[in-house]
Amino acid sequence: MNGSNSDLLASPVCEDFSIPLTEATQRIAKRLVWFEPAELALKEPVRFLAYAFAHARDCDMHVLRAVLSDAQLRFALKNAPPGIIDAKS
């Protein structure tokens, strides 16, 4: 593989994406963003994914990877709001 870390974070513009509201995504959102309704948390996918990157279980990420592309995940990681993902994440 011939690439740098910046290549890994580079992604096509995918600012306008959503996470489908399913039984599984709703269950994950309720646990990760417990302080607001799951439906509201999922309406802000970049913010929600920051919580997922910091606190999700492997099985949660499996569900999210099934409904999101690698480019969407990279975009969310690159644009995560400050203060959610920490060094332990």
Subject >> Straight-line distance of I85 CD1 to H55 NE2, nearest 0.5 Å >> reply: 9.0 Å

Subject >> Side chains of L77 and L49 in contact at under 4.5 Å (non-hydrogen atoms) >> reply: no

Subject >> Distance-minimising heavy-atom pair for V63 and A24 >> reply: CG1-CB, 3.8 Å

Original post:
Is it true that a side-chain atom of Q72 and a backbone atom of S69 form a donor plus acceptor pair closer than 3.5 Å?
Top reply: yes

Original post:
What pair of heavy atoms forms the shortest contact from L64 to A52, and how long is it?
Top reply: CD1-CB, 3.8 Å

**OP:** Identify, with sequence neighbours excluded, every residue that meets salt bridge (charged side-chain N to carboxylate O under 4.0 Å, His left out) alongside R65.
**Re:** D70

**OP:** Verify the cluster assignment for F35 and L32: are they in a single hydrophobic cluster under the rule of side-chain heavy atoms below 4.5 Å apart?
**Re:** yes

Original post:
In Å and rounded to the nearest 0.5 Å, what is the OH to CH2 distance from Y51 to W34?
Top reply: 9.0 Å

Original post:
Taking the side chain as C-beta and beyond, is there a heavy-atom pair between L73 and F53 under 4.5 Å?
Top reply: yes

**OP:** Would you name the heavy atoms of P81 and A50 that are closest together and state the gap between them?
**Re:** CD-CB, 4.0 Å

Original post:
Is the closest side-chain heavy-atom distance between F17 and V46 below 4.5 Å?
Top reply: yes

Original post:
Looking at side-chain heavy atoms only, is the closest gap between F48 and I28 below 4.5 Å?
Top reply: yes

Original post:
Closest approach of Q26 and L21, non-hydrogen atoms and distance?
Top reply: CB-CD1, 4.0 Å

**OP:** For salt bridge (Lys or Arg N to Asp or Glu O under 4.0 Å), just list the numbers for E36 and K30, CA-CA rounded to whole Å, side-chain angles, deciding distance to a tenth of an Å, and then say yes or no.
**Re:** CA-CA 8 Å; E36 67 186 32; K30 282 181 182 179; over 6 Å; no

Subject >> Nearest non-hydrogen partners of P20 and T25, listed with the distance >> reply: O-OG1, 2.6 Å

Original post:
What heavy-atom pair brings L42 and A29 nearest, and what distance separates the two atoms?
Top reply: CG-CB, 4.0 Å

